[in-house]
Amino acid sequence: MALRELQPSVQRLVLRDTRPIATAAGKCWRRYASGDAAAAAPKEVSEDFQDLESKTSLFTAFSPDDKVKAYDPIKRTQGRRRELPPSRYQYRSPRYYRGPLHPHQPPPKSDPSSREFIPGPFSYTRLEQTYQSTIAPDLMTMTYVHKPPGTVTIPKADRLRTWDDSSPYHKGRPKRGPRGPGDTLRLIEQDINWRNIPKIEEVTVHTFVKGALEDSSHLHVAGMLLQAVTGVRPTVHKAKHSEGRWGLRKGNPVSLTCNMRGEQAYDFVDKCINLVFPRIKDWPGTTGDSGGNISWGFSREGAILFPEVEINYDMYPPKLIPGFHVTVKTTATSDRHARLLLSALGVPFTGKLVD
């Protein structure tokens with residue numbers, strides 16, 4: 001009755017809108033219902049979905065205690081006819097590293113099954129905590145280079161001169177060496193992103209003991225001083241060649257080196273920044289190698305300022321105390337990025353950057 005009261009044009013619109021709905025519903029029922037009867041369609045649809053549903057552990061009829069009691073690994077092991085291969089199920093890390101081609105390779109140090117595995121770190125040192133919480137995000141923010149999506153990267157030319165194909169003798173030749181002094185190319189400064197934020201990788205302390213050429217006591221005092229300052233047993237280096245002008249003979253121990261990584265490296269840099277640098281009147285400055293490594297030196301007067309030496313100053317003969325060089329190796333690829341890192345940590349720099 002309601003449709004009769006409407007105008008003919010409105011009736012056609014209403015019927016046109018309702019016709020596709022009925023057609024779509026009929027197609028859906030024909031798709032999911034079986035061909036027996038239309039009345040049984042909802043029941044058969046539910047049965048089909050029950051077949052498709054997989055049985056989960058929520059509907060299993062057993063108690064967890066029964067499952068735990070039924071598991072007996074000893075009985076399972078005794079029931080095997082032969083033992084499992086020891087190389088697969090009874091793995092033991094090899095004691096010695098026998099080369100990259102040996103079939104038994106030791107796992108990395110980060111693997112708990114490694115003999116050299118050290119758990120941790122459970123806490124950071126004071127300087128490293130400052131780096132992780134403040135300095136690293138600040139470096140990322142200051143040096144961030146935004147490249148919008150779709151930016152075309154212009155390919156750069158080869159850094160080494162290449163052989164052209166003008167002669168058959170050029171085929172298979174390696175690239176020519178760089179022009180100028182040196183046999184290695186300078187590192188290219190990489191943009192800082194979240195993957196390669198500069199950080200301290202290693203600290204090396206080195207001293208050349210000139211007095212050890214005549215008296216070995218200079219070398220012993222220098223070794224005690226470096227071990228007290230760094231906490232690492234120094235490595236002794238011997239002369240490889242004889243030099244008559246300097247009185248150097250081949251095989252004589254002449255220098256000492258200490259390498260520090262991780263927590264020891266951050267502790268040593270923190271000690272230099274907060275305890276030694278503020279007490280030095282004439283700071284000679286630092287030098288870089290254009291590859292991200294910064295070096296500075298301490299004279300005999302600077303070595304005495306370390307707390308480990310100052311508290312036991314009577315143990316070291318004053319005339320035998322040596323100076324030493326400190327090289328901070330960072331993951332940066334340029335002196336500019338390395339200076340950004342160390343200046344944020346508190347290392348003083350003087351003069352302009354010449355990179």
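Because only heavy atoms are used, hydrogens play no part in the values below, and waters and symmetry mates are left out as well, while side chains stay in. Numbers for residues simply follow the sequence, beginning at 1. The structure presented is a predicted model; accordingly, all values stated were derived computationally and were not measured.
Following chains of ILVMFWY side-chain contacts shorter than 4.5 Å, one can reach I135 starting from F349, so the two form part of one hydrophobic cluster. V254 and V236 end up in different hydrophobic clusters when Ile, Leu, Val, Met, Phe, Trp and Tyr side chains are linked at under 4.5 Å. The same ILVMFWY cluster, assembled from side-chain heavy atoms under 4.5 Å apart, contains both M142 and I192. The hydrophobic cluster containing V209 does not contain L248, counting ILVMFWY residues as joined when their side-chain heavy atoms lie under 4.5 angstrom apart, directly or transitively. A continuous path of ILVMFWY side-chain contacts below 4.5 Å connects V326 to W283, so both sit in one hydrophobic cluster.
Counting heavy atoms from C-beta on, the side chains of R339 and I294 come closer than 4.5 Å. Contact annotation: the side chain of V221 approaches that of P317 to within less than 4.5 Å [non-hydrogen atoms, C-beta and beyond]. The closest side-chain heavy-atom distance from Y96 to P106 is not below 4.5 Å. By the 4.5 Å heavy-atom criterion applied to side chains, K240 and K250 are not counted as neighbours. For the pair L275 and L305, the minimum side-chain heavy-atom distance is 4.5 Å or more.
A donor-acceptor pair under 3.5 Å is absent between the side-chain atoms of D270 and the main chain of Y266, judged by distance alone. Using a distance-only test at 3.5 Å, with no hydrogens or angles considered, no donor-acceptor pair links the side chain of T134 to the main chain of Y131. Formation of a donor-acceptor pair under 3.5 Å by the K271 side chain with backbone atoms of V229 is found in this model. In this structure, the side chain of T330 engages the main chain of G292 through a donor-acceptor pair within 3.5 Å.
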Side-chain donor-acceptor pairs under 3.5 Å in residues 143-150, sequence neighbours left out?
| residue | atom | partner | partner atom | Å |
| --- | --- | --- | --- | --- |
| T143 | OG1 | L139 | O | 2.5 |
| Y144 | OH | H146 | ND1 | 3.4 |

Item to check | Worked verdict on T333 versus I188 for side chain to side chain contact (heavy atoms under 4.5 Å, CB included) | outcome: CA-CA 7 Å; T333 56; I188 298 178; over 6 Å; no
Checklist entry - Would E189 and H337 count as a side chain to side chain contact (heavy atoms under 4.5 Å, CB included) if you check the C-alpha gap in whole Å, the side-chain angles of each, and the deciding distance to 0.1 Å? => result CA-CA 8 Å; E189 184 183 71; H337 289 170; 3.5 Å; yes
Next on the checklist: If you apply the rule side chain to side chain contact (heavy atoms under 4.5 Å, CB included), what do you find for N259 with V232, and how did you get there?
Outcome noted: CA-CA 7 Å; N259 295 321; V232 179; over 6 Å; no
Next on the checklist: Between E201 and R261, does the side chain to side chain contact (heavy atoms under 4.5 Å, CB included) criterion hold? Intermediate values first, please.
Outcome noted: CA-CA 6 Å; E201 188 176 19; R261 287 179 172 270; 3.9 Å; yes
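Residue-environment remark: CZ (R233) stays at or below the threshold of 12 foreign heavy atoms within 6.0 Å. Heavy atoms from other residues, nucleotides or ligands lying under 6.0 Å from CZ of F208 number more than 12. Counting heavy atoms of neighbouring residues, nucleotides and ligands inside a 6.0 Å radius, atom CZ of R80 exceeds 12 of them. For Y97, the OH atom counts as densely surrounded, since its 6.0 Å shell holds more than 12 non-hydrogen atoms of other residues, nucleotides or ligands. Within a 6.0 Å sphere centred on CD of E243, other residues, nucleotides and ligands contribute more than 12 heavy atoms. Summarising the local packing, CG of D72 is surrounded by more than 12 heavy atoms from other residues, nucleotides or ligands at distances under 6.0 Å. The number of heavy-atom neighbours closer than 6.0 Å to NZ of K199, taken from other residues, nucleotides and ligands shown, is 12 or below. R249 CZ: 12 or fewer foreign heavy atoms inside a 6.0 Å radius.
The side chain to side chain donor-acceptor pair (under 3.5 Å) search around T287 returns none, not counting sequence neighbours.
The aromatic rings of H237 and H206 sit tilted, their planes meeting at an angle between 30° and 60°. The aromatic rings of W296 and F298 sit perpendicular to each other, their planes meeting at more than 60°, with 30° as the lower class boundary.
Considering every non-hydrogen atom in both I197 and A136, the closest pair reads CD1-O, 3.9 Å.
Note: S123 OG to E263 CD = 6.5 Å, rounded to the nearest 0.5 Å. How far OG1 of T207 is from NE2 of H325: 7.0 Å, rounded to the nearest 0.5 Å. N196 contributes atom CG, which lies 7.5 Å from atom OG1 of T331 (distance to the nearest 0.5 angstrom).
In this structure, a donor-acceptor pair under 3.5 Å is absent between the side chains of E116 and S114.
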